[in-house]
Novice: 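Can you keep this structure in mind? I'll have questions shortly.
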Amino acid sequence: MDVSLNRQQQKAVESTEGRVRVVAGAGSGKTRVLAHRFAFLVNEVGISPGNILCLTFTNKAAQEMKRRISTMVDRGSVNDFICTIHSFCVKFLRREIYRIGYPKNFLIIDEEDAKSLAKQAMQEFGIDRKKTTAERFLKGVAAYKGYDINAYIQGHLLPAASPQCPDATVRYIRLQLKQYALDYDDLVYFTLYILNHFKDAREYWTDKLNYLMVDEVQDLSGDDWKLLHALSEKHGNLFVVGDPDQAIYEWRGGNPKIFVEFKAKTDIILNENYRSTPDVLDVANFIIANNTNRVKKELFTRRLNERLPVYHHAKSEKEEAAMIASRIAEGVGKGMKYSDFAILYRSSFLSRTVEQALLKQQIPYSVWGGVRFFERKEIKDVISYLRLISSDDDDMAFRRIINLPSRKFGEASMKALESLALEEGRSLMGALRDHIGDKRFRRPALLSFVSLIDSARERVSMKGVSDLTDWLMTESGLSDLYRTDEQEERLENIAELLNAMKEFEATKMDEADMGLDSYLQEIALYTNVDREPDAEKTRLMTIHQSKGLEFPTVFVIGLTEGIFPNHRSIRERRKDGEEEERRLMYVAVTRARDMLYLSESEGYLNDNGALKYPSRFISEVPECYLETEGNPDPALREGTRNLVATLNSEVYENVDAPLANGTSVSHKVFGTGIVEAYDAASKAYRVRFGDITRMLIPRVLTVIPEK
């Protein structure tokens, strides 16, 4: 027996034959198990590495897997079959895609490329992007493709397919076909289609792949699982590893229920945690026990307790952020490193107050996998407008916003304006204002832009910065731009910026120094911070970005009911949404090795101005398992209970029975349609509207009563 493995890990490594399910809790060493099992198959069983397919969820995980395996096997035993599912599909399709008329050098498009094609298709068919965004349109395309893969490929992509384009969805697919472009879903769909329709291809690959090992299976979609079953059908050796309690991607297609219900020859649970103290694990176990879609287990550790996790209640977000900065400074003063601390949050807009507190305490930090609040695109856009309102001389701000939203001010126009400005010794804005009547600049959009800036200047002395910005967002068209083309996160960040402006105004009210220039000088401290790229830094990140990482001390912030758990997610996906939010909390808690802080604050929610109440997740942990700071009023917990009860009444009670096939429904965009089928996997109805069909979630449909 390998002394570096515990009994359950060793059992997993040596269970080589048949269907094996390993439920691996957080910090239980699953990557170690996968690497050792690969080495065991090669070194002890004698399997050629070219006959083992080891699939991971991310490219980073695949590289780490290769690195670990390379230390345990011969140099030539690490190959390209240690990869992500999508990477494997690309390898498969380079060899097989000719069968359906595609070249082997097909194009792979990412989300931004897909959005570009979506906007083109939407524009051609007159779809108003204020009513449905490119992102929502693409979700509809994905549902259309995924509902019936055979119909999608045979009806649109094969040589005999009809070239007609009756609607925007089909037009989008034709635009893809024109470039032989595949999105990430297509990589799986095309692979499945070829395996299912070409016997010799299926025989080649199922014969070649003697053993399949798959990591993070709780996040796989139903189609991913179909691919695993197809590839493993001949030899039957399918080894799947995951944790239903850490399934946090159901909102984008993951289906943890398949893993929970997976019928295996051998079942193994890894529940010994090598990361956290018992006190941290107690918090995690109490919270996740409230979920039902899981394989029951309780994490344990042989580590000793050090200190109870802390629940900190603050009177304001500013106080909450100050507490965090203070604890980090204290820890560093006692010999800890800045990088020993991580600050996790449900939504990225929550970082703003904490960033300001860290800067004030001169604590170096980095936003992991993201951008600092005042450096995010939408924030810089708004600030650039304000800078130009403050001064005509700000050429950098002018360059950023002159074409935002689009005013057909291209490179040629900019060069012409630059020449004028240089010749006259003027700023770009000054030159445009003086020459707005010239033929090359005489267009309504530019005249409106100059008028907008001048009107805003007239309002500077009459309005606070927050009111001015609110007005500016509407008049400039930025609100419509972010609402139609970008993600919900951008709007959340703008709302947080307005909140920060109101805080600034409240702080400066007594000093009578709350004007635009004063505000711009203040935020310059946040936007022009000197950086030391190689310095040890505290990490800030969303919980999704923290998965797979660990830190000595973790702060989980913004634990306000409605923010975390996110009520929008619960309203849209009911019990599935609630359980995924709780799994997200479980992931956050289990990132902590030694010390855990859970924090929230009083105040009002940005989106609707409602009072803030502590998250239900705090109440799910018995009070004796947390050290409470800040003397929260017991009425707050009662408020949480009432808020949860109200939401449950809204979401869970009087839920309509599934609509029968043939039911007449109406939709605000597509009109009147007929329900054809219900797809349980995507929780959506297939509805026919004349010559087109759409996959739609129940809440956007209104039943038309029978006459």
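Sequence positions, counted from 1, serve as the residue numbers for this chain.
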Novice: side-chain hydrogen bond (donor to acceptor under 3.5 Å, both in side chains) with Glu272: which of Arg302, Arg7, Gln8?
Specialist: Arg302
Novice: Only pairs under 3.5 Å count here: list side-chain donor-acceptor contacts from residues 39-52, not counting sequence neighbours, and write none if there are none.
Specialist:
| unit_1 | atom_1 | unit_2 | atom_2 | d |
| --- | --- | --- | --- | --- |
| Asn43 | ND2 | Ala39 | O | 3.4 |
| Asn43 | ND2 | Met72 | O | 2.9 |
| Ser48 | OG | Gly50 | N | 3.4 |
| Asn51 | ND2 | Lys208 | O | 2.7 |

Novice: Please report the C-alpha distance between Phe92 and His86 in whole Å, then the side-chain angles of each, then the deciding distance to 0.1 Å, and finally whether the ring pair (Phe, Tyr, Trp, His ring centres under 6.0 Å) criterion is met.
Specialist: CA-CA 10 Å; Phe92 176 96; His86 291 114; over 10 Å; no
Novice: Supply the atom-to-atom distance Asn291 CG to Lys296 NZ, rounded to the nearest 0.5 angstrom.
Specialist: 13.5 Å
Novice: Any non-hydrogen side-chain atom of Ile153 less than 4.5 Å from a side-chain atom of Lys145?
Specialist: no
Novice: Go through the side-chain N and O atoms of Asn6 and Tyr274 and say whether any donor and acceptor fall under 3.5 Å apart.
Specialist: yes
Novice: Can you name the ring-ring contact (aromatic ring centres under 6.0 Å, His included) partners of His544, sequence neighbours left out?
Specialist: Tyr249, Trp251
Novice: May I ask you to decide if Leu659's main-chain N or O and Thr663's side chain share a donor-acceptor pair within less than 3.5 Å?
Specialist: no
Novice: Decide whether Arg94 and Asn105 meet the rule of one side-chain donor and one side-chain acceptor closer than 3.5 Å.
Specialist: no
Novice: Would you say Asn255 and Leu220 make side-chain contact, with heavy atoms under 4.5 Å?
Specialist: no
Novice: Does either side chain, that of Ser15 or that of Arg37, offer a donor lying less than 3.5 Å from an acceptor on the other one?
Specialist: no
Novice: Do side-chain atoms of Asp207 reach the backbone of Glu203 as a donor and acceptor pair under 3.5 angstrom?
Specialist: no
Novice: Can you name the side-chain hydrogen bond (donor to acceptor under 3.5 Å, both in side chains) partners of Gln63, sequence neighbours left out?
Specialist: none
Novice: Out of curiosity, Tyr147 OH to Thr693 OG1, how far, rounded to the nearest 0.5 Å?
Specialist: 8.5 Å
Novice: Considering residues at least two apart in sequence or located in another chain, which fulfil the side-chain hydrogen bond (donor to acceptor under 3.5 Å, both in side chains) criterion with Thr553?
Specialist: none
Novice: In terms of relative ring orientation, are Trp225 and Phe262 parallel, tilted or perpendicular, with 30° and 60° separating the classes?
Specialist: tilted
Novice: Would you check if the side chain of Ser221 reaches a backbone N or O of Asp224 as a donor-acceptor pair within less than 3.5 Å?
Specialist: yes
Novice: Under 3.5 Å, side chain of Asp223 to main-chain N/O of Gly146, donor-acceptor pair present?
Specialist: no
Novice: Examine the side chains of Asp186 and Tyr152 and answer whether a donor and an acceptor come within less than 3.5 Å of each other.
Specialist: yes
Novice: Pick out which of Tyr184, Tyr102, Tyr180 makes a ring pair (Phe, Tyr, Trp, His ring centres under 6.0 Å) with Phe190.
Specialist: Tyr102
Novice: Is there a donor-acceptor pair under 3.5 Å between the side chain of Gln218 and the backbone N or O of Asp243?
Specialist: yes
Novice: With side chains defined as the heavy atoms from C-beta onward, is the minimum distance between Pro103 and Tyr98 less than 4.5 Å?
Specialist: no
Novice: Closer than 3.5 angstrom, by distance alone: can the side chain of Thr301 be matched with the main-chain N or O of Asn273 as a donor-acceptor pair?
Specialist: yes
Novice: Kindly state whether the ring of Phe564 and the ring of Phe617 have centres lying under 6.0 angstrom apart.
Specialist: yes
Novice: Taking the side chain as every heavy atom from C-beta outward, state whether Val621 and Pro309 have any pair of such atoms under 4.5 Å apart.
Specialist: no
Novice: Can you name the side-chain hydrogen bond (donor to acceptor under 3.5 Å, both in side chains) partners of Arg539, sequence neighbours left out?
Specialist: none
Novice: Just list the side-chain donor-acceptor pairs under 3.5 Å for residues 19-31, sequence neighbours left out, or say none.
Specialist:
| unit_1 | atom_1 | unit_2 | atom_2 | d |
| --- | --- | --- | --- | --- |
| Arg19 | NE | Lys263 | O | 2.9 |
| Arg19 | NH2 | Lys263 | O | 3.1 |
| Arg21 | NE | Asp267 | OD1 | 2.7 |
| Arg21 | NH1 | Phe259 | O | 3.0 |
| Arg21 | NH1 | Val260 | O | 2.8 |
| Arg21 | NH2 | Asp267 | OD1 | 3.3 |
| Arg21 | NH2 | Asp267 | OD2 | 3.2 |
| Ser28 | OG | Gly25 | N | 3.3 |
| Ser28 | OG | Gly25 | O | 2.6 |
| Lys30 | NZ | Asp215 | OD1 | 3.0 |
| Lys30 | NZ | Asp215 | OD2 | 3.1 |
| Lys30 | NZ | Glu216 | OE2 | 3.3 |

Novice: Quick one, Phe88 with Trp205, criterion ring pair (Phe, Tyr, Trp, His ring centres under 6.0 Å). Give me CA distance, side-chain angles, the key distance, then yes/no.
Specialist: CA-CA 12 Å; Phe88 169 76; Trp205 287 97; 5.6 Å; yes
Novice: Between Glu579 (side chain only) and Asn293 (backbone N and O only), is there a donor and an acceptor less than 3.5 Å apart?
Specialist: yes
Novice: So which of Glu250, Glu581, Glu578 actually passes salt bridge (charged side-chain N to carboxylate O under 4.0 Å, His left out) with Arg573?
Specialist: Glu250
Novice: Which distance, rounded to the nearest 0.5 Å, do you find between the CG of Asn59 and the OG of Ser87?
Specialist: 5.0 Å
